[in-house]
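Values reported hereafter were calculated over all heavy atoms of this structure, with side chains retained and with hydrogens, waters and symmetry mates removed. Chain letters run A, B, ... following the sequence lines, proteins first and then strands; every chain starts at 1.
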Number of protein chains: 4
Amino acid sequence: MNDKTDLPGCPGELLRQGRRVAGQDPVKRDQILDGAHRVFTRLGFDASSMNDITREANVSKGTIYVYFANKEELFETLMERERQRIFSDSEMALTGQGTIAERLMRYGTLIVRLVCSDVVIRAHRVILGVGERMPEMAARFYERGPQKGKQALALFMKAEVEAGNLVIDDVEFAAHQFSDLCMAAIFRPRLFGYMANEPTTAEIERSVGGAVAMFMAYYAPRPGAGAA
Amino acid sequence: MNDKTDLPGCPGELLRQGRRVAGQDPVKRDQILDGAHRVFTRLGFDASSMNDITREANVSKGTIYVYFANKEELFETLMERERQRIFSDSEMALTGQGTIAERLMRYGTLIVRLVCSDVVIRAHRVILGVGERMPEMAARFYERGPQKGKQALALFMKAEVEAGNLVIDDVEFAAHQFSDLCMAAIFRPRLFGYMANEPTTAEIERSVGGAVAMFMAYYAPRPGAGAA
Amino acid sequence: MNDKTDLPGCPGELLRQGRRVAGQDPVKRDQILDGAHRVFTRLGFDASSMNDITREANVSKGTIYVYFANKEELFETLMERERQRIFSDSEMALTGQGTIAERLMRYGTLIVRLVCSDVVIRAHRVILGVGERMPEMAARFYERGPQKGKQALALFMKAEVEAGNLVIDDVEFAAHQFSDLCMAAIFRPRLFGYMANEPTTAEIERSVGGAVAMFMAYYAPRPGAGAA
Amino acid sequence: MNDKTDLPGCPGELLRQGRRVAGQDPVKRDQILDGAHRVFTRLGFDASSMNDITREANVSKGTIYVYFANKEELFETLMERERQRIFSDSEMALTGQGTIAERLMRYGTLIVRLVCSDVVIRAHRVILGVGERMPEMAARFYERGPQKGKQALALFMKAEVEAGNLVIDDVEFAAHQFSDLCMAAIFRPRLFGYMANEPTTAEIERSVGGAVAMFMAYYAPRPGAGAA
DNA sequence: CATGAATGAGCTTTCATTCAT
DNA sequence: CATGAATGAAAGCTCATTCAT
């Protein structure tokens, strides 16, 4: 997954050749992004001032503008980085040992813990908050984030269907169903802050357990019973 | 000095009797809220200026401040109004004729069409965008909006469980499951703008149909087969 | 002292003829001035809003503009009224029984108590605060207020000089000297708020007593000693 | 968010060491104060807008807010500076050669010329104009300004009393008396703008001369005559 | 390169004044 | 006449961005 070629923070090939980039310090760049992350997730895009970021990142104003053309580019770069961090290894859970149910359980547990974590929920809110004004960015976040995880899940399902272990007509749709079922009573309450704390392991287990049970009841062929 | 309503002899008790302030024009008030709605959903809270609203609502700056103490109060009032508008009659769908599946189908169709509509999705984004800074407002929106609908659904399920038509251990949880299943492949893509248009009737039917099928397969007792 | 002919609040002859004045209610007019007085002395001219006055006077905005053309005219009218109230009867103290010293004592006591009272000190501050922008008004306030009192005092002195009881070259100057001596340690501290409370009778007595003693020591001819 | 100095890495301790804020330009600071002085003394506190000051000081709006947190702080800083400038060396006049009368004459001349100068009278008006709303500031101005001068005078008198050259019971009171006597016919008319121009040398000489004469007549022991 | 002082457009909010009722 | 809702210019203040050092 070579996402790097169209990072918003690196607008075009010029950057990798011209003198602006020469000598840029990736450590300082990350330092800025780290500060920006704290500020943006706390205040949202508009309410965050470049001064806030400057203070939080412990760099000067001018320095930020060396690394990022403007506030929006800084924001987009940051969100790109966050997306990559968040959704980097969700598919891992599907590989490995165990029954289908066990592997689904592992996968569901991982994504619920991940997606409903404080940091990810906050990132969601920030992105959604500017979704109307930066539509491609929000769409891209979804496409390369959650959507990607579901594709991996769909591929897994497709393999199991072909192996005769599952009976699913539309695996992409089923992947969506399973994912959303896993966080059924969690994701939206978390997003709105109605559920203040990260879900406990017990809560996650129960939710994902319910999802797996329901999913298997419907999609796993039982002797003498068709599903879809 | 702090003189929002511009009423000199406004004795306080009168204010809280009928309309909010004696002599205020509810039509103009709604006119302001309508303008504010257009602006806020387009730009989000912070990026919307009072001037934008002034222009969109076709009232003067001062007039807005006669009806609303400040930008935040205007926003909160608006969001309250939107919430009430949106989630006023979702439970209707559950009453009326038909089998359980038919009624669930009706309910699911209604909430998906509603919650995933452009206007509601935009309202969600706006609220989520300020969720970090106005946490109670976002939480209240969820509690009195989506949460309420789910409670009605849970009550319906409880009745059917008691009638022996469904076998459900935790109806609240099951209500969440059903709701989220209904919009499985729709809500999140819509929220992020990945799915640009409102779902078609066909898409909704398919999604809700899948949810009903899965739900019934798991929670409706079949002769000789236990569920939970 | 027919001051009424050039009251700022009665701009010209038109008012006394045209329909604007016909039917104006002097009670309501005073009601407005009373409210304005409370507000202006509390906040100063600029920081007082017409709404504040409206609230304090318990009249509507429009009503104020029936009686006064604008904020400035209201202010000037008020200050004119206050001046007349304050400095109406200071000369009384000089007439009546008693030695020169006794009468000076009476006069001094009266003006110190008056001029250093809370209400007059506040009026002073308000007028001085706008003195740069409404110079004629402030000057007129002084001319027809304090200055007038001093003229009465000078006349008294002149009479006593002619009677051979005092030896004074320039009575106007001596009147100033006596007046300022009376409030020597009081007026300026009061004006700046350094002396928070109105002077007590004892303080006044002492201050005026000192003034009289000093004045008499210098200006009253003693056998075998010339003064000025 | 609240970011007056625009310094990101401004660690707090540095701020209170030398100049107020590391890197701030004292020349520009004075430039702002000079402009503010012109505007404030012309219009008073409330009627002076930050834009006026901006224009008069020839700096941008933002720059003012780098040096001063808000309008009030700018004003207070300015008044503090003016106070120090005005009342820095009034006591000098008392030291040096000459008889008591000569030294009093010198002192009186100096303070009258100073206190009744255009610039000081204007400063008085501005301060008094906000005295009701910033009482401590006005009181402090008096305490550290005029009051201080009088204390020096009182000390001088005390020394002369102890040397047997004067007979004064309460030197502080006498100092007030002498001071106010010096500007008897000048200070108040000036304050109200009734005396439009700064007093001439002749006027001052006469006024102070009268004060010295009166003061000495009362407080200087003459052979065979007691005073108080 | 890094810095942060300077800019000025633009923000939210206030208020003297008007005028339809 | 009295009322007070409406107006819109102007207030204090912020902040993304630039640029001399």
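Of the two residues contacting DNA chain E, namely D:Ile64 and B:Asn70, the nearest-nucleotide position lying further toward the 5' end is that of D:Ile64. Of the residues near DNA chain F, D:Asp52 and B:Val59, the one whose nearest nucleotide (by heavy atom distance) lies more toward the 5' end is B:Val59. Toward the 5′ end of DNA chain F lies the nearest nucleotide of B:Asn58, the other residue of the pair B:Asn58 and A:Met50 mapping further downstream. Nucleotides of DNA chain E nearest to C:Phe45 and B:Lys71 differ in position, and the one nearer the 5' end is that of B:Lys71.
Rounding to whole angstrom units, CG of residue C:Asn51 and P of E:dT17 are separated by 12 Å. Atom P of nucleotide F:dC15 and atom CD of A:Glu72 are separated by 18 Å, given to the nearest angstrom. Rounding to whole angstrom units, CZ of residue B:Phe68 and P of E:dT12 are separated by 15 Å. If you measure from atom CD of A:Glu73 to atom C1' of F:dA16, you get 14 Å, rounded to the nearest angstrom. Distance, B:Ile53 CD1 to E:dC11 P: 11 Å, rounded to whole Å. Atoms CD (B:Gln31) and C1' (F:dT7) sit 14 Å apart, rounded to a whole Å. Here the C1' atom of nucleotide F:dT3 and the CZ atom of C:Arg55 are 16 Å apart, to the nearest Å. Between the CG atom of D:Leu43 and the C1' atom of F:dA10 there is a distance of 14 Å, given to the nearest Å.
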Task: Bracket notation of DNA chain F in which parentheses pair within the strand, [ ] cross earlier pairs, and | pairs with another strand (Watson-Crick or G-U, under 3.5 Å) - done: .||||||||||||||||||||

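For the pair D:Met50 and D:Leu74, the minimum side-chain heavy-atom distance is below 4.5 Å. Within the 4.5 Å cutoff, no side-chain heavy atoms of A:Phe40 are placed close to those of A:Arg122.
Under the 3.5 Å distance criterion, the side-chain polar atoms of D:Thr63 are left unmatched by any main-chain donor or acceptor of D:Val59.
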Open item on the list: Checking A:Arg125 against B:Glu132 for the salt bridge (charged side-chain N to carboxylate O under 4.0 Å, His left out) test, could you report, in this order, the C-alpha distance in whole Å, the side-chain angles of both residues, the deciding distance, and whether it holds?
Closed with: CA-CA 8 Å; A:Arg125 285 193 199 123; B:Glu132 211 73 39; 2.8 Å; yes

What are the atom names and distances for every N/O pair under 3.5 Å that joins the protein to nucleotides 18-21 of chain F?
none

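Taking CZ from D:Phe68 and CG from D:Leu33, the interatomic distance works out to 4.0 Å, rounded to the nearest 0.5 Å. Atom CG in C:Leu78 sits 8.5 Å away from atom CD1 in C:Ile53 (nearest 0.5 Å).
Residues passing the side chain to side chain donor-acceptor pair (under 3.5 Å) test with D:Arg140: none are found, sequence neighbours excluded.
Side-chain polar atoms of A:Ser49 and A:Asp52 form a donor-acceptor pair below 3.5 angstrom.
Of the candidates E:dA6, E:dA2, E:dA16, E:dA2 carries the atom nearest the A:Lys28 side chain, counting heavy atoms from C-beta on.
Remark: A:Lys71 qualifies as a cation-pi partner of A:Phe45 under the 6.0 Å distance and 45° angle criteria applied to the six-membered ring.
Of the side-chain N and O atoms in D:Thr63, one or more sit less than 4.0 angstrom from OP1 or OP2 of E:dT7.
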